[in-house]
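One structure is given here, and the rest of the page talks about it.
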Amino acid sequence: MSAIENGTVMGSTRGREASGPGLTWILIVSVLIMLCGVARAQAQICIPPSLGVPPAYQPPHWWDNTPAQPVYYQKLTDPRWQGAASISNTNGTAETHSFLALQDGTHLYLSWRYTGVPASTSAANVVYVGYEPALGGQPIIVKAALTTLSPDEAVSTGYIDRAAYRLPATGILGSAMLSPTWLNETTRVWLSTSSYAVQMRIPISDVRITAGAFKLWFEMLAGSPGVPATRFVWPRTGAEITEQPSPPFDTIFPQPGTWESFRLSSGPTDMSCPAQAISLSQSNIATKNPSPSQILYKLSPDPKPENVIYARPKNESGGNIPAGRLKATFRIANWGSQPNFADWEVGVPIDTLWAKVPCAGADTNFAVGTVGDIANGSTATDANEIRCRWTLSDAEIAPFTSGVQRSHSCLLVEMSDTMLPGLVYRNRSMWNNFDVRSASVLKMPAQITLK
């Protein structure tokens, strides 16, 4: 589990606005939500419905435990983010930022994640989000900023400064306005020594929607201007916060004319959503065993079978993806499509409940890459799929033979990339069900005759 996954979920109190000359030393990591294109003219972003995972067919719920939530509800690895539209930002070697978006018809579920050492001053780690209010008037900018860099403090001490502002034509924010109720109720921050993340749930009724579309903008700040690799803007240029060239160095926010449009999607078959991203269907996650839905094992001293599990994403990014640059982490759950609802996660550690599969040759994040180039407009095949080779050890087999781990298990595939500047995902992850079975040899007496 990465550092950001181990970060603490933190509440907040209101604090002072970070503004003025302080932003001269902030590394601006900007993201304008655009999820249907890659490094070319942008099209409308489609935010898919939240479908969850069995048996938790519900959106992510991180702000409290009412009603009772699964044990992973305040983890960034919450599998209910599966299927989210996403943007990645990379330095060509590793993913440095990601953004995820889901909706359930009443709310937008948004997550910003930064991997790297947060800036030495907590006020330099900020997420700004802009939207046009449903009732009209000036656009609104909301802010969530870290107020500490100590990841081990109690939730009640306050880790996040939240505020809202009107956006005038000058682009220079004035005094804070009365914050929307949702900003304080559901906005949370995760913080570790090498990462931070912010999540928000925004009521769709608060956002101006015209013909099914709306505009949304955001910018994430982290680090120092001396590290340009951490700059994350969507669109990649032209919509970031700027600064006046002379004192008093007021910061200037972009106007909605530079923001991009979004649409609430009905799902992968929504014909109103352009296909300009990476996607993965459930039918394209399988094994190369005689039964494609089985993962096989044998106890020592028998020769152990190697399971080849594959994911075959579709590339509609606008360009070819070289081998190894699109990756996936495979996670297997301690249940399948028919769990025992009374005890399916009782007493089970989160790392066991959704354990990362130790694919042969995986990187430190347990990710493996495509084995060949994927041409634009094509779905991966045996020649260029994401391939996980897994030979279960006796220690990995033991939970299945003892009954601790159920033989019918859910496998979640989560994609990432090292493309420059990063790929866009129509759905960043997908799951499928598998049976973990013993590959026993069938032995029967044979009768031999010379007749």
Side-chain angles (χ1 to χ4, degrees), residues 30-51 59-60 81 83-88 98-112 127-142 164-167 169 171 180 182-183 186 199-220 232-240 253-279 316-318 422-428:
S30 310
V31 183
L32 177 62
I33 305 177
M34 270 303 298
L35 301 177
C36 289
V38 179
R40 62 172 179 172
Q42 284 77 47
Q44 202 170 65
I45 292 180
C46 296
I47 300 180
S50 174
L51 302 177
W81 282 102
S86 180
I87 309 172
S88 76
S98 62
F99 168 75
L100 289 80
L102 287 168
Q103 54 87 14
D104 64 358
T106 58
H107 291 87
L108 300 173
Y109 298 82
L110 310 177
S111 180
W112 297 264
V127 171
Y128 290 101
V129 181
Y131 65 94
E132 295 179 299
L135 299 179
Q138 292 178 325
I140 294 176
I141 301 291
V142 297
Y165 306 85
R166 295 288 182 181
L167 177 62
W182 61 263
L183 182 61
T186 63
Q199 292 184 173
M200 294 180 182
R201 186 182 76 149
I202 304 177
I204 292 174
S205 59
D206 280 13
V207 180
R208 180 183 176 187
I209 298 179
T210 304
F214 62 96
K215 287 195 170 185
L216 194 68
W217 168 88
F218 68 79
E219 180 165 316
M220 189 176 192
F232 188 19
V233 180
W234 195 274
R236 305 277 183 189
T237 58
E240 69 273 11
F253 287 71
Q255 296 295 318
T258 66
W259 302 359
E260 295 290 348
S261 293
F262 292 77
R263 179 172 294 277
L264 304 179
S265 169
S266 61
T269 60
D270 190 341
M271 299 304 294
S272 66
C273 293
Q276 294 180 307
I278 307 300
S279 60
E316 295 176 291
S317 66
L423 292 174
V424 176
Y425 298 84
R426 184 161 182 160
N427 64 310
R428 191 179 180 92

Any chance you could measure [X], atom [atom1], to [Y], atom [atom2], to the nearest 0.5 Å?
| X | Y | atom1 | atom2 | answer |
| --- | --- | --- | --- | --- |
| I47 | Y109 | CD1 | OH | 12.5 Å |
| E240 | T258 | CD | OG1 | 9.0 Å |
| I87 | S98 | CD1 | OG | 10.0 Å |

Sub-3.5 Å donor-acceptor pair from the side chain of [X] to the main-chain atoms of [Y], do we have one?
| X | Y | answer |
| --- | --- | --- |
| W182 | H107 | no |
| K215 | S261 | no |
| Q103 | S265 | yes |
| W81 | P60 | no |
| Q255 | G257 | no |

Residues two or more places apart in sequence or in another chain: which of them pass side chain to side chain donor-acceptor pair (under 3.5 Å) with [X]?
| X | value |
| --- | --- |
| S88 | D417 |
| S205 | none |
| S111 | R113, Q199 |

Is it true that the side chains of D206 and Y131 contain a donor and an acceptor less than 3.5 Å apart?
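Side-chain D/A pair, D206 to Y131: absent.
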
With distance as the sole criterion, is a donor-acceptor pair present between the side chains of R426 and S279 under 3.5 Å?
no

More than 12 heavy atoms of other groups within 6.0 Å of R166 CZ
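Above 12, so yes.
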
Can you check side chain to side chain donor-acceptor pair (under 3.5 Å) on S86 and R428, steps first, answer last?
CA-CA 6 Å; S86 180; R428 191 179 180 92; 2.8 Å; yes

Search all heavy atoms of D104 against all heavy atoms of P59 and return the closest pair with its distance.
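D104 and P59 have their closest heavy atoms at OD2-CG, 3.7 Å.
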
Heavy-atom pair of closest approach, residues A85 and C46:
CB-O, 3.8 Å

Got [X] and [Y] here, is their nearest side-chain heavy-atom distance under 4.5 Å?
| X | Y | answer |
| --- | --- | --- |
| V129 | M200 | yes |
| R263 | F214 | no |
| I278 | S317 | yes |
| L110 | L216 | yes |
| L102 | P48 | yes |

Take L167 and I140 through the side-chain contact (heavy atoms from CB on, under 4.5 Å) test and state the conclusion after the steps.
CA-CA 6 Å; L167 177 62; I140 294 176; over 6 Å; no

Checking F262 against I209 for the side-chain contact (heavy atoms from CB on, under 4.5 Å) test, could you report, in this order, the C-alpha distance in whole Å, the side-chain angles of both residues, the deciding distance, and whether it holds?
CA-CA 9 Å; F262 292 77; I209 298 179; over 6 Å; no

Worked check of side-chain contact (heavy atoms from CB on, under 4.5 Å) between W259 and E132:
CA-CA 10 Å; W259 302 359; E132 295 179 299; 4.2 Å; yes

Measuring centre to centre across the rings, with the benzene-like ring taken for any Trp, is Y128 within less than 6.0 Å of F253?
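Close enough - the centres of the two rings lie under 6.0 Å apart.
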
Output, in order, the C-alpha distance, side-chain angles, deciding distance and verdict of side-chain contact (heavy atoms from CB on, under 4.5 Å) for I204 and L108.
CA-CA 6 Å; I204 292 174; L108 300 173; 4.1 Å; yes

